[in-house]
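Some notes on the structure that comes next.
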Amino acid sequence: MRGAERKAGAMAIERVGVVGGGQMGGGIAEVCAKAGIDTVVVEVSDELIDRSRAQIEASMLKAVDKGKLDQAGFEAALDNVSFAVSIDDLADRQLVIEAVVENLSVKHELFGRLDEIVEADGAILASNTSSIPITQIAGATGRPGSVVGMHFFNPAQVMPLVEVVSTVVSDGEVVERAATFAEAQLGKVVVRAKDRAGFIVNKLLCPYIFEAIRMYEEGFATKEDIDAAMVNGAGYPMGPLTLADLVGNDTMLAVSESFMEEYQDPKYAAPPLLRRMVEAGLLGRKTGRGFYEY
Ligand code: CAA
Ligand code: NAD
């Protein structure tokens, strides 16, 4: 056994909680369940649990279709996921990954409650936030050293990267354990980032998407041409407006707000069109309409 594997074995995490079973939480739960980890997903209602379960099952079936998972693996992975409407069910979790809406007050309240509930020895509390500084979230708990960022990418079941984010008060061993978990147990590629809004990827990616929205808003080019240009001319798998629809325009707007608070630089400002679309409910794929119709 190699040193890294031995270390991963000794520190293995067997019980994970995921709060929020939407597109990211569902994907993260799928990744954990396929890695053989007992995973509890918390959602706010039975209806949303049904939606989350259906999303996870459909995605795992796609993995079977694509030859990425065999039938036995599919059944085992489904067995590894359970659902709850109360975060009280997360008391024994060794790692909880929060993936609720991109809103500091919602995350703050949630981490305050997780702090009271999660009692496993050395438990890690992680946020999948796109842009909110982890320090602000950790401040809701009495154990900020145990709070880190674990930022997965959309779709989490396909994209290899996890950004592991440490704060000035994160416990080094906690950060190492979170990184080892993502790398050795989930098979992800890990990069580490300090706690600045947007970490590495979003700090680079989001201004590009905002600029594409401004370009479209100004009538510089059609949305189809902007997207086709970046796919065919820059090698991106999807164009920036298609990507905004995938991420969710509500999340894009929330990211812009965190960035403006952190950097006060107009390159991060939300284009008025993005605001109007969110106000009109054109959130992208999740509502069936954004820059495109689905
Ligand atoms: N489990 C495992 N693998 C799966 C899977 C599953 N459930 N579902 C699909 N796959 C695999 C497929 O087998 C396929 O693999 P191969 O290439 O080896 O065949 C691959 O995933 C993609 O296949 P699909 O047919 O599902 O989809 P596609 O080829 O149309 O690609 C896409 C879809 C992956 C979304 C691609 O368009 C893409 O990479 N787009 C860019 C996504 C991106 O930029 N994400 C980051 C957004 S920003 C973010 O996430 C941060 C934030 O905070 C906002
Ligand atoms: P989403 O809207 O698809 O899902 C959020 C889910 O959280 C919803 O199903 C909602 O019912 C649930 N929820 C809200 N409050 C809750 C609570 N108190 N307890 C339990 N569940 C609750 O959003 P998403 O796109 O999955 O984003 C979730 C988080 O992940 C955000 O912080 C976002 O910034 C981040 N993120 C998003 C992407 C992306 O591309 N969408 C990528 C990486 C990170």
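Sequential numbering from 1 along the given sequence is applied to the chain's residues. Numbering of ligands and ligand atoms starts at 1, following listing order.
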**OP:** Can you sort out which atoms of ligand 2 are near His151, meaning under 4.0 Å from one of its heavy atoms?
**Re:** 43 (C), 44 (C)
**OP:** Answer yes or no: is there an ion pair linking Arg93 with Glu119, defined by an N-O contact shorter than 4.0 Å?
**Re:** no
Subject >> Proximal atoms of ligand 2 relative to Lys107 (non-hydrogen, under 4.0 Å) >> reply: 31 (C), 32 (O)
Original post:
Can you tell which part of Phe153 has a heavy atom less than 4.0 Å from ligand 2: side chain, backbone, both or neither?
Top reply: neither
Original post:
Within the distance-only criterion (no hydrogens, no angle test), does the side chain of Asn232 pair as donor or acceptor with the backbone N or O of Ala228 below 3.5 angstrom?
Top reply: yes
Original post:
Among Val174, Thr167, Ile137, Leu125, which residue meets the side-chain contact (heavy atoms from CB on, under 4.5 Å) test with Val148?
Top reply: Val174
Original post:
Could an N or O of ligand 2 be found under 3.5 Å from any N or O of Arg51, whether backbone or side chain?
Top reply: yes
Original post:
Is at least one protein non-hydrogen atom found at under 4.0 angstrom from atom 6 (C) of ligand 1?
Top reply: yes
**OP:** Show which atoms of ligand 2 fall inside a sub-4.0 Å distance from at least one heavy-atom site of Leu48.
**Re:** 11 (O)
Subject >> Which segment of Val201 sits under 4.0 Å of ligand 1 when only heavy atoms are counted >> reply: neither
Subject >> Where ligand 2 meets Val44 - atom numbers and elements under 4.0 angstrom, heavy-atom basis >> reply: 11 (O), 16 (C), 17 (C), 19 (N), 20 (C), 21 (N), 22 (C)
Subject >> Close-contact set for ligand 1 against Glu30 heavy atoms, below 4.0 Å >> reply: 1 (N), 6 (C), 7 (N)
Original post:
Looking only at non-hydrogen atoms, which of Ser130, Gly25, Gly22, Ala99 approaches atom 36 (N) of ligand 2 most closely?
Top reply: Ser130
Subject >> Backbone or side-chain N or O of Glu98 under 3.5 Å from ligand 2 N or O >> reply: no
**OP:** Quick one: look at Cys206 and ligand 1, take heavy-atom pairs under 4.0 Å, and tell me if it's side chain, backbone, both or neither.
**Re:** neither
Original post:
Short N/O distance, under 3.5 Å, between Val100 and ligand 2?
Top reply: yes
Original post:
Measuring from the heavy atoms of Met24, does anything fall under 4.0 Å of ligand 1?
Top reply: no
**OP:** Return the residue, atom name and 0.1 Å-rounded distance of the protein heavy atom closest to atom 43 (C) of ligand 2.
**Re:** Phe152 O, 3.2 Å
Subject >> Nearest-option assignment for atom 39 (O) of ligand 1, heavy atoms, candidates Gly67, Pro237, Ser130 >> reply: Pro237
Original post:
What residue and atom, counting heavy atoms only, is the protein's closest point to atom 12 (C) of ligand 2, and at what distance?
Top reply: Glu43 OE2, 3.3 Å
**OP:** Give the contacting part of Val158 toward ligand 1: side chain, backbone, both or neither, where contact means a heavy-atom distance below 4.0 Å.
**Re:** side chain
Original post:
Can you list the ligand 1 atoms lying under 4.0 Å from a non-hydrogen atom of Ala63?
Top reply: 1 (N), 6 (C), 7 (N)
Original post:
Is any heavy atom of the protein nearer than 4.0 Å to atom 32 (C) of ligand 1?
Top reply: no
Original post:
Just heavy atoms, cut-off under 4.0 Å: does Thr251 contact ligand 2 by side chain, backbone, both, or neither?
Top reply: side chain
Original post:
Out of Lys66, Met252, Lys68, Met159, who gets a non-hydrogen atom closest to atom 15 (O) of ligand 1?
Top reply: Lys68
**OP:** Around atom 27 (O) of ligand 2, find the nearest protein heavy atom and jot down its residue, atom name and distance.
**Re:** Met24 CG, 4.0 Å
**OP:** Can you sort out which atoms of ligand 1 are near Lys34, meaning under 4.0 Å from one of its heavy atoms?
**Re:** 1 (N), 2 (C), 6 (C), 7 (N)
Subject >> Side chain, backbone, both or neither: Gln157 near ligand 1, heavy atoms under 4.0 Å >> reply: both
Original post:
Does atom 53 (O) of ligand 1 have a protein heavy-atom neighbour under 4.0 Å away?
Top reply: yes
Subject >> Distance under 6.0 Å and angle within 45° of ring axis: Lys194 vs Phe199 >> reply: no
Original post:
If you measure from each non-hydrogen atom of Thr251 to ligand 1, which part falls under 4.0 Å: side chain, backbone, both or neither?
Top reply: neither
Subject >> Verify atom 45 (N) of ligand 1: protein non-hydrogen atom under 4.0 angstrom away >> reply: yes
**OP:** May I ask you to identify the nearest protein heavy atom to atom 49 (C) of ligand 1, giving residue, atom name and distance to one decimal place in Å?
**Re:** Phe153 CD2, 3.4 Å
Subject >> From the candidates Pro155, Gly248, Gly198, the one that places a heavy atom nearest atom 35 (C) of ligand 1 >> reply: Pro155
Original post:
Val42 heavy atoms, cut-off 4.0 Å: which ligand 2 atoms fall inside?
Top reply: 20 (C), 21 (N)
**OP:** List the closest protein heavy-atom neighbour of atom 47 (C) of ligand 1: residue, atom name, distance to the nearest 0.1 Å.
**Re:** Leu243 CD1, 3.7 Å
**OP:** Return a yes/no value for Asn128: is any of its N or O atoms, backbone included, closer than 3.5 angstrom to an N or O of ligand 2?
**Re:** yes
Subject >> Residue portion contacting ligand 1 (non-hydrogen atoms closer than 4.0 Å) for Leu69 >> reply: neither
